[in-house]
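These notes are about the structure you will find just below.
Naming convention: chains lettered A, B, ... in sequence-line order (proteins, then strands); numbering from 1 in each chain.
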2 protein chains.
Amino acid sequence: MTSGPAPKKADAAAATVGDVAARAGVSRATVSYTFTQPNRVSPDLRRRVLAAADELGYVGNDAARRLRVGHSLALGLLVSNMSNPVYAELAAGAEAEAAAHGRFILVANSDESPARERAYLNFFESQQVSGILAAPVGDVPAELLGLRERGTPFVLVGVAPGPHSYPAISGDNERGGYLAASHLLAQGRRRLIFIGGAHPHVDLRLAGVKRAVAESPEPAALEIIRIEVQTAKVGEAVARTLLRRSATGFPDGIVAGNDLLALGLLHGLIVGGIRVPEDLSLVGYDDIEFADFAIVPLTTIRHPSAALGASAVRILLGMESEQDTEGRFEPELVVRATSLPAPGDDA
Amino acid sequence: MTSGPAPKKADAAAATVGDVAARAGVSRATVSYTFTQPNRVSPDLRRRVLAAADELGYVGNDAARRLRVGHSLALGLLVSNMSNPVYAELAAGAEAEAAAHGRFILVANSDESPARERAYLNFFESQQVSGILAAPVGDVPAELLGLRERGTPFVLVGVAPGPHSYPAISGDNERGGYLAASHLLAQGRRRLIFIGGAHPHVDLRLAGVKRAVAESPEPAALEIIRIEVQTAKVGEAVARTLLRRSATGFPDGIVAGNDLLALGLLHGLIVGGIRVPEDLSLVGYDDIEFADFAIVPLTTIRHPSAALGASAVRILLGMESEQDTEGRFEPELVVRATSLPAPGDDA
DNA sequence: TCAAGATCGTGAATCGATTCACGGCGTTTC
DNA sequence: GAAACGCCGTGAATCGATTCACGATCTTGA
């Protein structure tokens, strides 16, 4: 309203290809080619078009673009709980890789709710994302399969390729569980508890724990405690119930399904007077940043979340295959202070 | 390929309004009205249309919808660093509120890079988000103002409405800083350091700290250490440089710009042999979940991130005004173990 | 019984970027 | 010098959902 003919930038309506074309004195097709196939247009015109676009603050309308080409530049990332640093890291890794290829990540936080998960999957479809990264949220939702049939590929992140045949990349969770339990057994711990939620990757961790116990030369007991969600709050609650046990029923080693849970357990146990690691050794899983800052720095299994996120993006973009990642995300035991050094480790 | 004519769900192409209309035996317009203005169509037809949509797995194409109506159902959230739990919490709060109104949040993680910030803002514009929540990332980017002029509103989250005139909601950072420093002064701490990055909200926290020092009846020294990013890693590095100081130059109280930084400082100081809180008191800011699990549980200022996120969404959706939030996000001192109880607190 | 009005379904235009098919113009080669 | 070819710009069709304006059907009251 106020501005004369000179500055067009501040105009209310967004500039369209038509506006740019008019200003550059070319057709709309030329403007489009300038952006999608720069070599198709001569350098001279290209410059003119780009200048006009710049002056008008042209941004393009992805809706129109998508309507025509059928898919968006975005990739969807579905996680169960963004306040778990593991997922934040996964998202950061995916995002950085996506940005490097001019792509974007849409993050959906299902908060462990299947309903929201479904809603977000629909949202992804309505957004025509060109692919979906799904971090484990229980079973593979049927919607995901439907999406694939309708042309949107997905990659499961953090779930080992198992009996299912879905594309998936993951660290070796079974081996991680095995490492954790072996570490405890090597210290002479014999009354172990595994505490974890019902996620496929957690089940694998448990399988590894079981295998370590089964292979142990000395007999050892393993108890399994199932919880709903693996949060610090739940960890504290479990610690309180544990504290009510008699000395004979009390464990001397715990493997937690993830670090968040372990941190809560640790806090609850210490508040309850348990000495860690003297009375009980604790091993977490993931090696989140805060594991090192805990009241007693947490022994845990390192899990390369950011690298997984980046790889998943490359796979969806067709720059890498599942097989290429083979053996690239090996879990690793990080011994800190919630467990005793293993007898052989006293170097 | 394998399926006969019976099940249509698994067909490759996504169903369109046209398909639904054909199946329900109505026009495309009717299908559209069924979803956008359900009362416009009679109950009978509505049922038929919904059934047909369900059978076909109809999801709708948001690109087409947006192209027509001009804006999307998504809101953009711009944060500087998603691995800071504060932002994860903010995102979760915003997301939950958005979901309650059938909206979605697009999260953009700029990683403190102005270039990526700009790229994401362009992305938001190309996505025609109906509004943007921007968590402080330094100055207000000029692009944000441009977006507003072109019709996309924004709300700054966590930045107090100051000399600028942008819509903003925030806890009272100045008061939080004041609380933190007052707490230290009340314990008899006299050689304070404030450590923080160059964010507008951190500057406010610092202003509060300065005011507390100025108002102190006993003279107290305040040193200011500026850092680039407020992460735990940087905190540890700062701790190491602090440890090289002579006893006289060593502080007896520290206010950190956020909890991540405080956690890193704490760890670095304790590893270096400093006793907390005996030798030095430390106060963080934000009260992230891990503050309570730290090697010495962290005294901090609580900051209602999730509530801020939810409010920002309501404001963008026009359900609430900036003024309504007045006084709703008051900071609160949470005394844990990194500081001495104040003399008067021995209840 | 009939006119006036309310209810509700429909055809067609529309949003903006992309891309196909066409053709004008300049260059090369015998 | 003319035919053949390649380069590059353009008009027009297209993607799918929304919404306007119209009209068909049904309801209601005198």
Could you check which of dG16(D), dT10(D), dT18(C) has an atom nearest any side-chain atom of V17(B)? dG16(D)
Whole-Å distance between dC7(D) P and L45(A) CG? 16 Å
Would you confirm whether the ring centroid of F154(A) sits within less than 6.0 angstrom of the ring centroid of F124(A)? no
Rounded interatomic separation in angstrom, taking CD from Q127(A) and P from dG16(D): 16 Å
When rounded to whole Å, the CD to C1' distance for the pair Q37(B) and dT10(C) reads 14 Å
Separation of dG16(C) C1' from R28(A) CZ (nearest whole Å): 8 Å
Each nucleotide N or O in nucleotides 21-27 of chain C that has a protein N or O under 3.5 Å away: list the pair and distance.
| unit_1 | atom_1 | unit_2 | atom_2 | d |
| --- | --- | --- | --- | --- |
| dA21(C) | N6 | R40(A) | NH2 | 3.4 |

What is the distance, rounded to the nearest whole Å, between atom CD of Q128(B) and atom C1' of dT18(D)? 14 Å
Which nucleotide in the set dT10(C), dG9(C), dT18(D) lies at the smallest distance from any side-chain heavy atom of S27(B)? dT10(C)
Is the side chain of R48(A) donor-acceptor paired with the backbone N or O of A24(A) at a distance under 3.5 Å, no angle test? yes
Please classify the nucleic acid contact of T16(A) as base, sugar-phosphate, or nothing, using heavy-atom distances under 4.0 Å. sugar-phosphate
Using a 4.5 Å cut-off on heavy atoms from C-beta on, say whether the side chain of E95(B) contacts that of Y120(A). yes
Given atom CZ of F35(B) and atom C1' of dG16(D), what is their separation to the nearest angstrom? 14 Å
Can you tell me the distance, in whole Å, between the CZ atom of R47(A) and the P atom of dC8(D)? 13 Å
Other residues, nucleotides and ligands only: do more than 12 of their heavy atoms fall within 6.0 Å of CD on E326(B)? no
Rounded distance [0.5 Å steps], CD1 in I315(B) versus CD in E97(B): 11.0 Å
Specify the angle, to 10°, made by the local axes at the two ends of the helix from dT1(C)-dA30(D) to dC30(C)-dG1(D) when five pairs are taken at each end. 30°
Side-chain N,O (S42(B)) to OP1/OP2 (dG9(C)) below 4.0 Å: yes
Give the minimum heavy-atom separation between S83(B) and A88(A), together with the two atoms involved. CA-CB, 4.3 Å
Contact check, side chains of R314(A) and L317(A), non-hydrogen atoms, under 4.5 Å: no
Verify the distance criterion only: is there a donor paired with an acceptor across the side chains of S130(B) and R103(B) at less than 3.5 Å? yes
Give the nucleotide from the list dT10(D), dG11(C), dG16(C) with an atom nearest to the side chain of A29(B). dG11(C)
For S113(B) and S110(B), test the side chains for any donor-to-acceptor distance below 3.5 angstrom and give the result as yes or no. no
Of all of residues 66-76 of chain B, which get a heavy atom below 4.0 angstrom from DNA chain C, listed by number? L67(B), R68(B)
Among L106(B), L133(B), T152(B), I132(B), exactly one meets side-chain contact (heavy atoms from CB on, under 4.5 Å) together with L75(B). Which residue is that? L133(B)
Pair R150(B) + E143(B): basic N to acidic O under 4.0 Å: no
If you look at every strand shown and take non-hydrogen atoms under 4.0 Å, does V31(A) touch a base, only sugar-phosphate, or nothing? nothing
Does atom CD of E228(A) have more than 12 heavy-atom neighbours, drawn from other residues, nucleotides or ligands, at distances under 6.0 Å? no
What is the distance from CD of E125(B) to P of dG16(C), rounded to the nearest Å? 13 Å
dT10(D), OP1 or OP2 - any side-chain N/O from T30(A) closer than 4.0 Å? yes
